Amino acid sequence: MACHPPGSGSYAVVIIPLRTSLYSLDALRFYLWIKRLKDLEKEKDALFTGLEILEKARYWYLQRLEDNRARQINTEGTNRCTAAEARSCLLRSRMHRVNGSLGSIMTEPNVTSSCNRSLPEAAADSDLRWQNSVLTQEVGEKNRQISLLELEKDALLKSLLDCRIAECQQYMSM
């Protein structure tokens, strides 16, 4: 089972020996249970990290609100455009993007539908996706190797043909 001490980036692993064979049903259940606990620990760590980031973001937003109020009070009588306003526009567009991303995380249908599935199904789906991407990369690499071998074969056939033509020409010139 993974234990994550606060402030540490590593996990402690506990190995519990089984009295049965590795291939027994009990060993498989135990392995899946440990894997489920590890995945839950990782999810908890990701949620805590997100919560810390959200707390920092909340503080940052509050600071920007105070700055905005101060600028509003100072600029009520002026109509000048400044570089600060251009920076403010860029910052505003970035904040809209972040707000939209956070909103989509909470309302995305894939997030809620994956919660309805059982954990082994979600893990199996994730494993299959990973295996698919690895196999796709391997197939691409094999295709590149096949193409190189075909080019090499064509070059060898051409050189063999050139050698035979040269032999025939030598034979005929005799």
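On a predicted model such as this, the values are computed, not experimentally measured, just so you know.
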| task | State which residues pass salt bridge (charged side-chain N to carboxylate O under 4.0 Å, His left out) with R29; sequence neighbours excluded, sorted by chain then number. | result | D26
| Got a sec, which residues hit salt bridge (charged side-chain N to carboxylate O under 4.0 Å, His left out) with D162, two or more places apart in sequence or on another chain? | K158
| How many angstroms lie between CG in N68 and CD1 in I73, if you round to the nearest 0.5 Å? | 10.0 Å
| request: Determine whether L40 and K44 make a side-chain contact, defined as any pair of heavy atoms from C-beta on separated by less than 4.5 Å. | output: no
I'd like a table of donor-acceptor pairs (distance under 3.5 Å, sequence neighbours excluded) in which one partner is a side-chain atom from residues 54-66, with atom names and distances.
unit_1	atom_1	unit_2	atom_2	d
Y61	OH	N99	OD1	2.8
R64	NH2	D67	OD2	3.3

| field | CD on Q169 to CD on E167, rounded to 0.5 Å | value | 11.0 Å
| message | Using a 4.5 Å cut-off between side-chain heavy atoms of Ile, Leu, Val, Met, Phe, Trp and Tyr, which other residues end up in the same hydrophobic cluster as L161? | response | I165
For residues 148-155, dump all side-chain donor-acceptor pairs below 3.5 Å to protein atoms at least two apart in sequence or in another chain.
none

| query | Listed by chain and number, what are the salt bridge (charged side-chain N to carboxylate O under 4.0 Å, His left out) partners of R144, not counting sequence neighbours? | reply | E141
